[in-house]
Each structure stands twice: as structure tokens, then as C-alpha cells.
Amino acid sequence: MTFNSLFDDFIIDKQAGGCSPKTIADYMNKIHVFQLYAGRDMDISEFTDDFIKQYCIYINRIKKTVATRYSYINALKIVLGWIEQNTTEPIVYHVRRIRSKRPQQRVVLPLSDTDVINMFKAVSGGSAWLIARNKAIVALMLDSGLRQGEVVKLRLAEIDFNSCVLVVLGKGSKKRLIPIGKVTSSLIKDYISSVPYPLSDYLFISSKGCPLTENAVKKMVYRLKSKTGYDVSSHKLRHDFATDYALRNIRMYGNPNKEQLQLLLGHTDGQVTDGYIHLAYEQIAVDNYSSRLDGVAAAAHTASF
């Protein structure tokens, strides 16, 4: 059976499983590079470890960044792993032997309380209702951990202001309950009361009354970054929520409450949640640090050695 035929089956399976069009397009774009490299529609039985290794070398040569290389090789690894599990054809390659260097995870320091106040002061939009809209969007990402795409898909009917809960449509078209704080609730109400267009379905709309796009949110946050000088993005606001959630739980209860954090973030893979928890423990270690030399100097009544 040919790779192209099996890849078509993979795409159909992912679509049936609820993968977003964006995710499907990403798979197709990345695997297209592999198909061009192969030069022909090869039978899956021709895929050897050496052939796949040579493709990885090729990707490492033509793609500039570690993150890009990893994404292309990992996409192929996912597809080949699916084929291995879903075909009776003879397989001679070994998915576990496919290696790609992971991009180094940047240390993203959480925003301080002062940073948060300054950031909301810097939110702009031109007219008052657009400023109110943008503040509500920032609050949802920072204080409830919503993804950029989840913000624009949020529906008015799925917000319960009495319970301070909303229903979010996440990745794979999976819905989940998300709590919102009183400040976020108030900001959303301010936006709803000031928007000059009728709201019938989606909560957030553009200056022309159309449903807001992810790109519009991205640009808004980029302007916020330029005005404040803070290293923020839509994802980093969500990142900040996750780290802060873990920090608060560690300090209050002695554990980060990983299971609940994973549910709130909509992660299917707990390892992704672990990354935020690790950073929270790093922050705890920094907060608990006590300098030995400072103690020795204080005992010796000296400021330096």
C-alpha cells in the first residue's frame, strides 16, 4: 500500500476525530515536503530507517530553526506512528528510532502585579467600546487561560454570569467549563453594554461588526507588547495563567493540583501541563532561597569578604 493512500486515511481519521482545519492544513503542508523529497508515491514497505534518517538530515539542512525542524520531523513521526498502528502492511521502519532535537524551552517569567496593572492601563483600541473589548480579551487569556482561538469562538449564550462560568470550545472541538473571576466578568459586562452592534452569536466582534478573528487578537496583543515593552503574546498570557495557578496551589495546598490545571487548560497530554508546573516550582525555589554568605557576613558584622 502506498504512503499517499495511507496518509489520506490518516487525514480522514483526524478529521473524523475533530481536528481543526488549521491542524489538518498543518499536517498536509509539512508532509507535502516529505512527499516531494520521496519523489514518487512509495510503497510503505520501502520505508526503511535509513531512508527516514536521510530525510531528517535533509530537513535539518533546509530548515533554519530548531523549532521548525522539530515540527516537520515530528509531524512525519506522528503520521508513521499512526500507519504502524492502523495497517496490516509489512512495516520495516521503527518510529521510536526517529530522533529530532527539541527546541529549547524559554524561561518566561510571570508578570508581576505591577506589570498586570500597567498592561491593562496600556490596552488601547481607539473607541471606548473597543478598549473595553480588548481588556475583556486580555483578562480571559491572563486570568482564565483561554487560547487565542477559544476567545474568538466564545459565544454569548455560553456565559453564565451568575455562576461566573463559561463554556469554551477547545482543540478537537472539545468543550470544557472555565471559571472567570469577578474582574473578568465585570470587564465582559462593560464590553457588552458599550458595543454599538447587536450581539446574537459570537461574543467578540470587530470594529465593523463582524466576528473577531484570531489574527486581530494577535495584532492587538502585539500592540500591547510594543506599548509596554513586556514580552507578551496571546500564548504567554495563557502561560502566565498556568504558572500562577500552579504557584497559588503549591503555596496554599502544598501541590500544584495538576489534574485540575490540565482540565482548565484543555490539555490532553499531561506532559505539556508539567512544563508550567516545573516553572512554578522553580519560582518557589527562588522565593525560598536564603544566601549562606549573607548569613555568614551578618554574623561576622561585615558587609563583604
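Distance CG/L6 to CD1/I11: 12.0 Å, rounded to 0.5 Å. For the atom pair CG (D160) and CG (L177), the distance works out to 10.0 Å, reported to the nearest 0.5 Å. Between the CZ atom in F7 and the CD1 atom in I31 there is a gap of 5.0 Å [rounded to 0.5 Å]. A distance of 12.0 Å separates OG of S193 from CD1 of I188, quoted to the nearest 0.5 Å. I57 contributes atom CD1, which lies 12.5 Å from atom CD1 of I52 (distance to the nearest 0.5 angstrom). Separation of atoms NZ (K153) and CD (E158) is listed at 12.0 Å; rounding is to 0.5 Å.
Residues E150 and K171 are not paired through a salt bridge, judged by the lack of any N-O separation under 4.0 Å between the basic side chain and the carboxylate. By the 4.0 Å N-to-carboxylate-O rule, R147 lies too far from E214 to be salt-bridged with it. We find that R251 and D287 are joined by a salt bridge, their nearest charged nitrogen and carboxylate oxygen being less than 4.0 Å apart.
In this structure a side-chain-to-backbone donor-acceptor pair under 3.5 Å is missing from K225 to V232. When atom types are taken as modelled, the side chain of T184 and the backbone of I180 share no donor-acceptor pair closer than 3.5 angstrom. One N or O on the side chain of D49 and one on the backbone of H94 form a donor-acceptor pair closer than 3.5 Å. Between the side chain of S163 and the main chain of V165, no donor-acceptor pair closer than 3.5 Å is present. Judged by distance alone, the side chain of R69 and the main-chain N or O of N60 form a donor-acceptor pair under 3.5 Å. Side chain of N134 to backbone of S124: a donor-acceptor contact under 3.5 angstrom is found. When atom types are taken as modelled, the side chain of S144 and the backbone of M141 share no donor-acceptor pair closer than 3.5 angstrom. Between the side chain of D240 and the backbone N or O of L142, no donor-acceptor pair lies under 3.5 Å. Looking at S186, its side chain never comes within 3.5 Å of a backbone N or O of K182 through a donor-acceptor pair.
Checking D50 against T48 by side-chain atom types alone, no donor-acceptor pair falls below 3.5 Å. Side chains of D115 and S112: a donor-acceptor N/O pair is present below 3.5 angstrom, by distance only. For the residue pair N118/Y230, the side-chain donor-acceptor check at 3.5 Å is satisfied.
Across all their heavy atoms, S185 and F161 have their closest contact at OG-CD2, 3.3 Å. Residue L187 comes nearest to A139 through the heavy atom pair CD1-CB, 3.8 Å, listed as atom of the first residue, atom of the second, then distance. Between D41 and F3 the shortest heavy-atom distance is OD1-N, 3.7 Å. Here the closest non-hydrogen pair linking F241 and G145 is CD2-CA, 3.3 Å. Of all the heavy atoms in G126 and I131, the pair that sits closest is N-CG1, 4.3 Å. Scanning both residues, I98 and I73, for their nearest heavy atoms gives CG2-CG2, 3.8 Å.
A 4.5 Å side-chain heavy-atom check between E282 and H278 finds at least one atom pair inside the cut-off. Taking the side chain as every heavy atom from C-beta outward, M220 and V138 approach each other to under 4.5 Å. Using a 4.5 Å heavy-atom cutoff, the side chains of D274 and K258 are in contact. Looking at heavy atoms from C-beta onward, D143 lies out of side-chain contact with D244 at the 4.5 angstrom threshold.
Aromatic rings of F47 and F34 (six-membered ring for Trp) have centroids within the 6.0 Å cut-off, being under it.
A cation-pi contact, defined as under 6.0 Å to the ring centre and within 45° of the axis, links K63 to Y72.
Remark: of the listed residues I284, L247, I277, I277 is the sole one forming a side-chain contact (heavy atoms from CB on, under 4.5 Å) with P256.
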Audit row: F10, I78, side-chain contact (heavy atoms from CB on, under 4.5 Å) steps and yes/no: CA-CA 10 Å; F10 168 85; I78 291 170; 4.2 Å; yes
side-chain contact (heavy atoms from CB on, under 4.5 Å) evaluation trace for V33 with I59: CA-CA 9 Å; V33 175; I59 287 295; 4.0 Å; yes
R40 and E46: CA distance, side-chain angles, deciding distance, salt bridge (charged side-chain N to carboxylate O under 4.0 Å, His left out) verdict: CA-CA 12 Å; R40 59 186 175 86; E46 299 179 76; 2.7 Å; yes
Trace of the side-chain contact (heavy atoms from CB on, under 4.5 Å) decision for L212 with R133: CA-CA 11 Å; L212 198 64; R133 180 201 68 183; 3.4 Å; yes
Full working for side chain to side chain donor-acceptor pair (under 3.5 Å) between T2 and S5: CA-CA 5 Å; T2 66; S5 175; 4.6 Å; no
Residue pair M119, L237: steps toward the side-chain contact (heavy atoms from CB on, under 4.5 Å) verdict: CA-CA 11 Å; M119 187 171 62; L237 291 174; 3.9 Å; yes
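More than 12 heavy atoms of other shown residues, nucleotides or ligands fall within 6.0 angstrom of atom CG in N288. At most 12 heavy atoms of other shown residues, nucleotides or ligands fall within 6.0 angstrom of atom OH in Y222. By the 6.0 Å contact criterion, CE on M42 is enclosed, its count of non-hydrogen atoms from other residues, nucleotides or ligands being greater than 12.
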Between side-chain atoms of residues 260-271 and protein atoms elsewhere (two or more places apart, or another chain), which donor-acceptor pairs fall under 3.5 Å?
unit_1: Q260; atom_1: OE1; unit_2: Y245; atom_2: OH; d: 3.3
unit_1: Q262; atom_1: NE2; unit_2: H267; atom_2: O; d: 3.3
unit_1: H267; atom_1: ND1; unit_2: T273; atom_2: OG1; d: 2.8
unit_1: H267; atom_1: NE2; unit_2: R238; atom_2: NH2; d: 3.4
unit_1: D269; atom_1: OD1; unit_2: Q271; atom_2: N; d: 2.9

Could you go through residues 195-204 and list every donor-acceptor pair under 3.5 Å that involves a side-chain atom there, pairing it with any protein atom two or more places apart or in another chain?
unit_1: Y197; atom_1: OH; unit_2: S207; atom_2: O; d: 2.8
unit_1: D201; atom_1: OD1; unit_2: R155; atom_2: NH1; d: 2.5
unit_1: D201; atom_1: OD2; unit_2: R155; atom_2: NH1; d: 2.6
unit_1: Y202; atom_1: OH; unit_2: R155; atom_2: NH2; d: 3.1

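Transitive grouping of hydrophobic side chains (ILVMFWY, heavy atoms separated by less than 4.5 Å) keeps L76 and V66 in distinct clusters. I205 and L156 fall within a single hydrophobic cluster, where Ile, Leu, Val, Met, Phe, Trp and Tyr side chains are chained together by heavy-atom contacts under 4.5 Å. In the hydrophobic clustering of ILVMFWY residues, with side-chain heavy atoms under 4.5 Å counting as a link, I83 and I24 come out together. In this structure, F51 is a member of the same hydrophobic cluster as I91, with clusters built from ILVMFWY side-chain heavy atoms closer than 4.5 Å. Both I44 and Y37 are members of a single hydrophobic cluster when ILVMFWY side chains are connected at heavy-atom separations under 4.5 Å.
Listed by first then second residue, pairs satisfying side chain to side chain donor-acceptor pair (under 3.5 Å) with a partner in residues 12-32 read D13-W82, S20-T23, D26-K30, not counting sequence neighbours.
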